[in-house]
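Before any comments, here is the structure.
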2 protein chains.
Amino acid sequence: MTVTLADVAARAQVSPATVSRVLNGNYPVAASTRERVLRAVDELDYVLNGPASSLAAATSDLVGILVNDIADPFFGIMASAIQAEIGGTGGGRAGGERLAVVCNTGGSPERELTYLTLLQRQRAAAVVLTGGAVEDAPHAAAVAAKLRKLTEAGTRVVLCGRPQAAGTGAVALTFDNRGGARRLTEHLLGLGHRRLGYIAGPEERTTTRHRLEGHREALAAAGVEEDPRWTVYGHYDRRSGYEATLELLRREPGLTGIVAANDSVALGACAALRESGLRIPEDVSVAGFDDLPFSIDAVPSLTTVRLPLADAGARAGRIAMGREEPPPGDIATVRGELMVRGSSGTPRA
Amino acid sequence: MTVTLADVAARAQVSPATVSRVLNGNYPVAASTRERVLRAVDELDYVLNGPASSLAAATSDLVGILVNDIADPFFGIMASAIQAEIGGTGGGRAGGERLAVVCNTGGSPERELTYLTLLQRQRAAAVVLTGGAVEDAPHAAAVAAKLRKLTEAGTRVVLCGRPQAAGTGAVALTFDNRGGARRLTEHLLGLGHRRLGYIAGPEERTTTRHRLEGHREALAAAGVEEDPRWTVYGHYDRRSGYEATLELLRREPGLTGIVAANDSVALGACAALRESGLRIPEDVSVAGFDDLPFSIDAVPSLTTVRLPLADAGARAGRIAMGREEPPPGDIATVRGELMVRGSSGTPRA
DNA sequence: CTGTTAGCGCCTTCAG
DNA sequence: CTGAAGGCGCTAACAG
C-alpha cells in the first residue's frame, strides 16, 4: 500500500540500511549508490515514516514553540523569528528538516501543561516557551517539573521573554520589563506628570508584575505618592484598555497620564479618552509597551518601550537548535528601548 | 532508563495490552483495573511514547495548521480559532488529546511544500491550510498533488479562506473576497468617488486577484474609467501601504480615495496621507479589508470589510476533527460584511 | 473483560 | 563502503 524504505531499497538494488544512510546523510555512502537511491526515492515518491524513524532513533525532528496568544503580534513576531531559525534551514529533500511548530496555550496553565506533555510524548528535539509565566505556585512547580523532565530526556528548553525557571536546565532570554517600565514612567515624571493611572495585565503573570514594579520604582524614586486606586488590572488586549480607562477616569478625573501594560491596551485607552472628549497628549498622555508595528501608526503615535522581539526570537531559535552558545549562566537579559513619540507630552495645568 | 508501557503493566499487574486499552479508552476495561493502571501511571510518571504509538496505530494525533504569516493577526485569529476546536477538547490524562500545531510558511511556496511533506511524514491526522494560495502553476500543481496524497492516506484536509483545490479531496471554506471588494468599492462610488487608487497585495496570490477583481467589477458596473496607473502591487503590510500611497499620490495627486488590500496596508496609507498633509476623509477617503481588531481604533476608524475569521476558523477546525459535516460539494463560501466607518466620506470638490 | 502474539517501519550496532 | 539482524515501544487482532 504505502511505499516503505524496503521498497526503495529493492528498486535501487541496495539494502534498506543503505537507503537509511543516504536519507540521513550521517554515514559515508558512495556517490553512485547515493544517486541511485535518490532516484528510486523520487520515482517511488517515497516519504519517510516519521513515527517509525523517531521510534528507532529515539529522537524526533519536532520543535515546539509555546505562545500565550497567537492572535497577538507580540507572540506572532517572536514565533515567526524562532521558526525562521529552525524550520528555515536545510530545505533538503528527505532528511535534515525540522518541523518547527507553534502551540497556542491561550494563556491557560492547563493547556500549557498539556502541550508540554504532548511535546514530551513526541520526544520533541527542543521546546521554546515565550512570554510571561503564570505565577500560581502549584502550576509553576508543575511546569518546572515538566521542564526538568524534558531537559533530562535530552530536549533542549529555551525560555524567550520569560523568567528563568531555576534548576530545570532551561536557557532563558528574559526581557527587562522592570527596567523598561521604570524608564518609561521616569520619562512621564520628567515631563511633569504626577497623577498617573496604570492599566496592568492579568494579575498572576510575571510580565504584569515586573512592569508594574518598574512603574512603582520610578514613582518611589521620584517621591511621588501613589494612590492604589489608580491601578487597574485587566488583560493584554484593546478592550481591557478601553474599559479600564473609563474606570480610571471615573475614579480620578484629574489623571494627566495613563501607562498601559502593552500597546494594545494603550490603543484601547486612547479610544476611551477620545470618546470622553479628552485630547492626547494635551489633556492626557498615554504610553504603551512592546512597540508593535501598529503603534507608530496610532494618532498620535504611541510613546512606548521597544522590545527586540524578532532578535530575541531568532537567538532563542538558534540556541534551541544548538547553533549558538547559551549565554553564561544560561541566562541573558534583553533590554527594551524607550521610544518617545507623540502620545506623551507635558501635563495640562 | 525511560519508563515504558511494560513497566506500567508490571506495576499494575496486568498485561501491556490492558494498559494500552485504558490509556486509549477505546475498549471496555473493568473499573478497578483501570484505576490500578492509572495509579501505576501516576506513580511511575509514565508518558506515552508518541512515535511508537503512531507507528503501531498507523495514525498520529498531530494536526497541522499552515499560515502565510504568523505575525499577522489575520492568520493569528484564524489559527487561534482552529486550534481551540482541535487542541482544546479532552483535557484528559494520557490519551485523547490532539496536538494542534501551527506552521508558518512566511508566504514561501517552498516552505509550504516542505511543511506539507513534514506533516505527511508525521502521518498527521488533519491539515488546515489558511489564507490565499500562490497561483504559480507548477507550484499549485505540486501542492494539489501533495494534498491529494494526504487525503488518500486518510489525512483530512481543510482549506480555510482559500479557494478549493479541485480533485484533491479537500474541503474548502472560501472567503468571498471578490464580493466583499465589490461592495466596498460600490460604497465609495456611491459617495461620489471617481478617482480611486488601489493598493494590491502580492501579484501572484489568489486573495490579491479576487479582491482586485471585485474592485474592478464595481468600477465597470458603474461605468467608471480606470487608469491602470492607479493600481500598485505590494505586500500585505503597513509599509507597503505607506510606500504605495506616496507613489500613487505622485502619479495622480487628484485621487479622492484609496482602497487597500487589507487593513494593515490601509493603516500605512493613512500614515502616508497624513504626512503629505492630507486629511482623512475630507481630502482622501481610505478603505481596508478584513476588519482586524486595531482597525476600529484607527483615527478616523477604518471603513473595511469584516471577515468572520474566528467563525470560519472554528468551523474549519470542527470539520478537520470530523465533528461537523463538510458543506455540500465540500465547498462553502463565507461572505464579508461591509463596515462603513469614519475613514470614508464624500470626495472633495 | 483480559492475556498472547505478531508486527508497524526504521535505525544501528555488528560483520564483512 | 555495504549487508544482515535485532529491537525501539506500542497496538491490534486473536483467543480465552
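Naming: A, B, ... by sequence-line order, numbering from 1 per chain.
- Between B:Val29 and A:Pro51, the residue anchored nearer the 5' end of DNA chain C, judged by the nucleotide with its closest heavy atom, is B:Val29.
- Minimum atom distance to the side chain of A:Pro28 is reached by D:dC1, of the listed C:dT12, D:dC1, D:dT11.
- Among the nucleotides C:dC11, C:dC10, C:dT4, the one closest to any side-chain atom of B:Ala17 is C:dT4.
- At least one donor-acceptor pair closer than 3.5 Å links the side chain of B:Thr206 to the backbone N or O of B:Ala133.
- When distances run from any side-chain atom of A:Ala52 to the nucleotides C:dG9, D:dT2, D:dG9, the shortest one goes to C:dG9.
- Here D:dG9 presents its P atom at 14 Å from CG of B:Leu44, a figure rounded to the nearest Å.
- Under 3.5 Å, the side chain of A:Arg21 and the base of D:dG3 form at least one donor-acceptor pair of N or O atoms.
- Put simply, B:Ser53 has no side-chain N or O that comes within less than 4.0 Å of OP1 or OP2 on D:dG9.
- Annotation for A:Ser60 and A:Ser54: closest pair CB-OG, 3.4 Å, computed over non-hydrogen atoms.
- Nucleic acid contact for A:Thr33: sugar-phosphate only, since backbone atoms but no base atoms lie under 4.0 Å from a heavy atom of the residue.
- Residue-level contact check: A:Ala58 touches neither bases nor backbone, having no heavy atom under 4.0 Å from any strand.
- Per the geometry, CZ belonging to A:Arg34 stands 12 Å off C1' belonging to D:dC1, to the nearest Å.
- Atom pair A:Gln13:CD and D:dC1:P shows a separation of 20 Å (rounding to whole Å applied).
- Between A:Asn49 and the phosphate of C:dC8, there is no side-chain N or O to OP1/OP2 separation shorter than 4.0 Å.
- Considering A:Val22, A:Leu48, A:Val19, A:Leu38 in turn, A:Val19 is the only one that fulfils the side chain to side chain contact (heavy atoms under 4.5 Å, CB included) rule with A:Val8.
- At D:dT11, one or more side-chain N or O atoms of B:Ser20 fall inside 4.0 Å of OP1 or OP2 (strictly under the cut-off).
- Among the protein residues, B:Leu55 comes within range of the nucleic acid bases, having at least one heavy atom under 4.0 Å from a base atom.
- When all heavy atoms of B:Val63 and B:Ala125 are compared, the closest pair comes out as CG2-CB, 4.3 Å.
- As a whole-Å value, the separation of A:Leu48 CG from C:dC11 C1' is 10 Å.
- With C:dT2, C:dG3, C:dC10 as the candidates, the nucleotide lying closest to the side chain of A:Thr4 is C:dC10.
- Taking both residues in full, the closest heavy atoms of A:Val128 and A:Ala316 are given as CG1-CB, 4.4 Å, listed atom of the first, atom of the second, then distance.
- In this structure, the CG atom of B:Leu23 is 13 Å from the P atom of D:dA12, given to the nearest Å.
- Place A:Pro16 and A:Ala31 on DNA chain D by their nearest nucleotides, and A:Ala31 ends up nearer the 5' end.
- Computed from coordinates, the A:Arg36 CZ to D:dG3 P distance equals 8 Å when rounded to whole Å.
- Taking each heavy atom of A:Arg34 and A:Val29 in turn, the nearest pair found is NH2-O, 3.7 Å.
- Regarding A:Arg123, its CZ atom lies at a distance of 17 Å from the P atom of C:dC11, rounded to whole Å.
- Neither OP1 nor OP2 of D:dT2 sits under 4.0 Å from any side-chain N or O of A:Thr18.
- Here B:Val19 lies out of heavy-atom contact (under 4.0 Å) with every strand.
- One atom, CD of B:Gln122, and another, P of C:dC8, lie 20 Å apart when rounded to the nearest Å.
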